[in-house]
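Step one of this worksheet: look at the structure below.
By convention in this document, chain letters (A, B, ...) are assigned in the order of the sequence lines, proteins followed by strands, and residues within each chain are numbered from 1. These numbers come from the heavy atoms of this one structure, side chains and all, not from hydrogens, waters or symmetry mates.
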Amino acid sequence: MFVVIGRPINVLLSVFEKFNVKTVTWERDTEPYNKEIDDKLFEICRDDGIAAHRFWGHTLYDPDYLLDLSDGTAPLTMTGFLNIIALAGAPLKPVDPPSSVPGPPTDIYCGDIFETIPTLSDLKSYGYNPLDKTTKFVAGEREAFKRMENFLAQKKRVAAFDKPKTNPTSLEPDTTALSPYIARGSLSSRLFHSKVLECLGETTNSNRPILKGSLEGQLYWREMAYLIAYSTPNFNQMVGNPVCKQIPWLEGKEAKSLLHKWEMGKTGYPAVDAAMNQLRIDGWLHHLGRHLVACFLTRGDLWVHWELGRDIFNRYLLDSDWSITNFSWHWLSCSAFFHQYFRCYGPTTFFKRTDQTGAYVRKFVPILKNFPDNYIYEPWRAPIAVQEAAGCIIGKDYPMPVVDHDVESKRNMGKMRMAYLNAQLLNLNFMY
DNA sequence: GCGCCGGTTGAAGGT
DNA sequence: TACCTTCAACCGGCG
């Protein structure tokens, strides 16, 4: 592997010239930035008489094929998406790796090119600004395969897997935690899909219903997010995004201050703060933990713009993924796909379902570790004597709640109602 | 235009 | 324990 650094088209052109390249193959990508490079490169190859072969490899299906099957418009519900999948047939199979590849050219220097894979420090001089932290996720394909095989060896767990029922407060991930490997390309979605079916004794040809919460269903959620992200203009923002509800979120100074408290785990709600601390420490957070904090930041409590929360997620998540992260923030903020804004996650109640003693909070907000169970999710309600005994005074050692959830969540439901009404009025004005 | 239905994962209070 | 209803009452798609 060579790593070449610079503006993609520029460095590729210099490599083409240097090695007198006749054929180029590459993997296509759905994100706007890569789409533009893909198309430009394809044109350049065509004009220069270089054979160009580009393939979809990151998703189960060729997104253009799925769009053709759905009249050019991506379905906005999972049910609609699965109808398209029923037409599309089985996903592409993973391809075996080649048994051998040609050796590298001997003379490889052409500008900023690394003969071995550069380290993060090497990249700092190019403006890359990595977080200075360690993670328990070891990088690489070997590790990805090991984790996948370990999970798939638990056949009952694989067969019974139902994402909404997994435990967000488990101290070890209750889900596969393969997302960093899939997002970064260490584990192919097609390989994982075929291994899951193999493990369940299923074939891609049988006419089984696909359960939305199953492992297979999860891969189809990913696929749907990619298709929508691929085919929706301005999908990474609210303005100019045709599927996104226009909602008057907080954006300025006030939003920045609330956002910072949220990011740093200082909202005063232990469940929210524990989840945000895990996000920053581990670079990973359970799906439902993400739901809790994303709802809290946006429509639930703080009314901060989802784009700001999305940026924080992308900074810390090892599995950050342009399509999926944007899709999910639409969902949680009730900006698209999900509209039942009156269903709101409770910052003091949601984690209690799976963790009555607050073990998760005690791990990730250790200042609270000596609070009794009945105050662990609302420590400000503890009598001062209890706070003193726990060695943590609320308002001094740990913040008071940044907002009153009972008041703000109700008020925000009213704001959501108004925003939806305004959207309808705008549509009417447009029509008449 | 209207009504009906389904929508991956809420909370609280039931059986 | 697993499932039910109610609460505030949404959207998009379909007939």
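- In this structure, A/His405 and A/Tyr269 have perpendicular ring planes: the angle between them is above 60°, well past the 30° mark.
- The aromatic ring centres of A/Tyr181 and A/Phe192 sit 6.0 Å or more apart.
- No side-chain donor-acceptor contact under 3.5 Å links A/Asp162 to the backbone of A/Lys165.
- Between A/Tyr377 and A/Phe351, the ring center distance fails the sub-6.0 Å criterion.
- One P atom belongs to C/dA8, the other to B/dT8, and the distance between them is 25 Å to the nearest Å.
- In this structure, A/Lys410 atom NZ and C/dA9 atom P are separated by 11 Å, rounded to whole Å.
- Taking a pair as Watson-Crick or G-U wobble with both distances under 3.5 Å, the runs of three or more consecutive pairs in DNA chain C are B:2-7 with C:10-15, B:10-15 with C:2-7.
- Although no hydrogens or angles enter the test, the distance criterion places no donor-acceptor pair under 3.5 Å between the side chain of A/Arg299 and the main chain of A/Phe342.
- If you measure from atom CE of A/Met413 to atom P of C/dC11, you get 15 Å, rounded to the nearest angstrom.
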Write out a two-atom table: protein N or O, nucleotide N or O from nucleotides 9-15 of chain B, distance below 3.5 Å.
unit_1	atom_1	unit_2	atom_2	d
B/dT9	O2	A/Pro164	N	2.7
B/dT9	O4	A/His287	NE2	2.8
B/dG10	N7	A/Arg343	NE	3.4
B/dA11	OP1	A/Gly346	N	2.7
B/dA11	OP1	A/Thr349	OG1	3.1

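- Comparing the same atom, P, in C/dT5 and in B/dC5 gives a spacing of 14 Å after rounding to whole Å.
- Centroid-to-centroid, the aromatic rings of A/Tyr226 and A/His58 come within less than 6.0 Å.
- Aromatic ring pairs are classed by plane angle as parallel below 30°, tilted from 30° to 60° and perpendicular above 60°; the pair A/Tyr220 and A/Tyr61 is tilted.
- Residue ring and base: A/Trp221 counts as stacked with B/dT8 (centre distance below 5.5 Å, interplanar angle below 30°).
- Using a 4.0 Å cut-off between charged side-chain N and carboxylate O, A/Glu143 and A/Lys146 make a salt bridge.
- In this structure, the side chain of A/Arg310 engages the main chain of A/Asn236 through a donor-acceptor pair within 3.5 Å.
- Residue contacts shown for A/Thr79 are limited to sugar-phosphate atoms, with no base heavy atom under 4.0 Å away.
- Counting to the nearest Å, the P atom of C/dA8 and the OH atom of A/Tyr420 are 19 Å from each other.
- Note: CG (A/Asn83) to P (B/dG7) measures 11 Å, nearest angstrom.
- Rounding to whole angstrom units, CZ of residue A/Phe81 and P of B/dG7 are separated by 16 Å.
- Across all strands, A/Lys245 comes closer than 4.0 Å only to sugar-phosphate atoms, never to a base (heavy-atom distances).
- Separating the P atom of B/dG6 from that of C/dC4 is a span of 14 Å, rounded to the nearest Å.
- Annotation: C/dG15 and B/dG1 have their C1' atoms spaced 12 Å apart (nearest Å).
- To the nearest angstrom, C1' of C/dA8 lies 10 Å from CZ of A/Arg417.
- A salt bridge between A/Lys363 and A/Asp355 is absent, with no side-chain N of the basic residue lying under 4.0 Å from a carboxylate O of the acidic one.
- Among the protein residues, A/Met78 comes within range of the sugar-phosphate backbone only, with heavy atoms under 4.0 Å from sugar or phosphate atoms but none that close to a base.
- Atoms CE (A/Met416) and P (C/dA8) sit 18 Å apart, rounded to a whole Å.
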